[in-house]
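Not measured: the values here are computed from a predicted model.
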Amino acid sequence: REVNEENEVEMEFLSDMAAIAQSAAVSYRHQWPHPLVLGRMLEAYRAKFSVGYMDLSQSGLFKDQKGIGAFLKYYQGFDFCEPPEIGSYGKNDDGMKQVVEIERRVANLLGTKPPKLKDIVHQEGAKSKAKRHDSESDIQRYRTGSGTSGGANGGVNGSSNG
């Protein structure tokens with residue numbers, strides 16, 4: 001059994017090395033940008049789930065359209081390049097699926113519907129708006145000197161008669 005596992009690891013190593021050599025050859029032939037430079041550019045797109053032809057073209061890192069096409073064609077077969085599935089609760093991953101399932105079960109026990117993403121966003125927006133309103137009120141009190149630290153006549157600027 002151990003011998004089989006060692007053979008499997010060795011085979012994976014050889015196939016990985018072959019894939020690296022193939023990638024380097026295709027990259028050289030189409031003059032793709034250096035992987036570190038391209039990686040930094042892609043990190044700037046954190047809000048995006050996938051990057052397409054126009055994004056790569058606008059980056060200015062590729063020599064020509066043919067190189068961009070070859071890049072997309074080469075990497076389209078990799079699982080990590082597929083855009084994620086977007087469900088009613090946003091981007092689904094295994095942890096989120098578990099949360100959604102727990103929320104569904106709890107809602108079922110309580111006889112209610114589980115919250116949807118738009119409901120959660122609306123609630124968070126209302127909380128944020130209330131906090132913003134409170135902050136604006138505090139700032140207004142601070143400016144007028146009617147805050148708790150300034151007293152009725154003074155304020156924090158030292159103009160009180162004390």
Side-chain angles (χ1 to χ4, degrees), residues 1-140:
R1 178 179 169 172
E2 291 178 16
V3 173
N4 287 339
E5 289 178 10
E6 287 179 18
N7 287 338
E8 188 175 325
V9 169
E10 288 176 11
M11 291 303 294
E12 288 177 5
F13 175 76
L14 292 175
S15 63
D16 288 347
M17 295 307 292
I20 290 171
Q22 180 186 10
S23 170
V26 173
S27 174
Y28 179 78
R29 186 174 70 205
H30 293 287
Q31 297 180 350
W32 293 343
H34 190 276
L36 291 176
V37 174
L38 187 59
R40 287 190 187 114
M41 187 271 304
L42 293 174
E43 281 181 350
Y45 292 130
R46 288 184 185 201
K48 293 187 117 184
F49 290 120
S50 63
V51 177
Y53 181 88
M54 292 305 293
D55 298 313
L56 296 175
S57 178
Q58 290 173 356
S59 73
L61 298 176
F62 288 85
K63 181 181 177 186
D64 55 17
Q65 295 175 350
K66 207 174 191 181
I68 297 171
F71 182 84
L72 292 171
K73 185 176 180 183
Y74 180 82
Y75 283 105
Q76 76 182 358
F78 289 84
D79 292 340
F80 64 85
C81 292
E82 293 179 13
E85 294 180 23
I86 307 296
S88 59
Y89 293 95
K91 180 183 172 192
N92 281 335
D93 61 332
D94 291 336
M96 190 62 186
K97 287 179 183 177
Q98 292 173 353
V99 169
V100 169
E101 179 62 22
I102 291 169
E103 286 180 346
R104 186 189 65 76
R105 289 181 182 185
V106 169
N108 190 28
L109 288 171
L110 297 174
T112 62
K113 292 183 177 180
K116 298 284 186 191
L117 180 60
K118 67 179 183 177
D119 298 332
I120 294 170
V121 168
H122 179 67
Q123 289 172 356
E124 291 299 319
K127 286 180 189 176
S128 177
K129 187 175 181 181
K131 283 183 181 177
R132 193 170 46 247
H133 177 67
D134 289 345
S135 296
E136 289 171 358
S137 297
D138 290 343
I139 292 169
Q140 187 62 31

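Among residues two or more places apart in sequence or in another chain, the side-chain hydrogen bond (donor to acceptor under 3.5 Å, both in side chains) test is passed with R40 by none. Checked against side-chain contact (heavy atoms from CB on, under 4.5 Å), L110 has the following partners two or more places apart in sequence or in another chain: V106, T112. Taking the side-chain contact (heavy atoms from CB on, under 4.5 Å) definition, one finds that S59 meets it with M41, L61, F62, sequence neighbours left out. Residues passing the side-chain contact (heavy atoms from CB on, under 4.5 Å) test with M17 are F13, I20, sequence neighbours excluded.
Summarising the geometry of A19 relative to Y74, their closest heavy-atom pair is O-OH, 3.8 Å, with the distance given to 0.1 Å.
Distance check, rounded to the nearest 0.5 Å: CG of N108 to CZ of R105 gives 10.0 Å. In this structure, CZ in F71 is found 12.0 Å from CD in Q76, a value given to the nearest 0.5 Å. To the nearest 0.5 Å, atoms CD1 (I68) and CG (D55) are separated by 10.0 Å.
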Which side-chain N or O atoms in residues 26-39 pair as donor and acceptor under 3.5 Å with protein atoms at least two apart or in another chain?
residue	atom	partner	partner atom	Å
Q31	OE1	K63	NZ	3.2
W32	NE1	G67	O	3.0
H34	ND1	L36	N	3.1

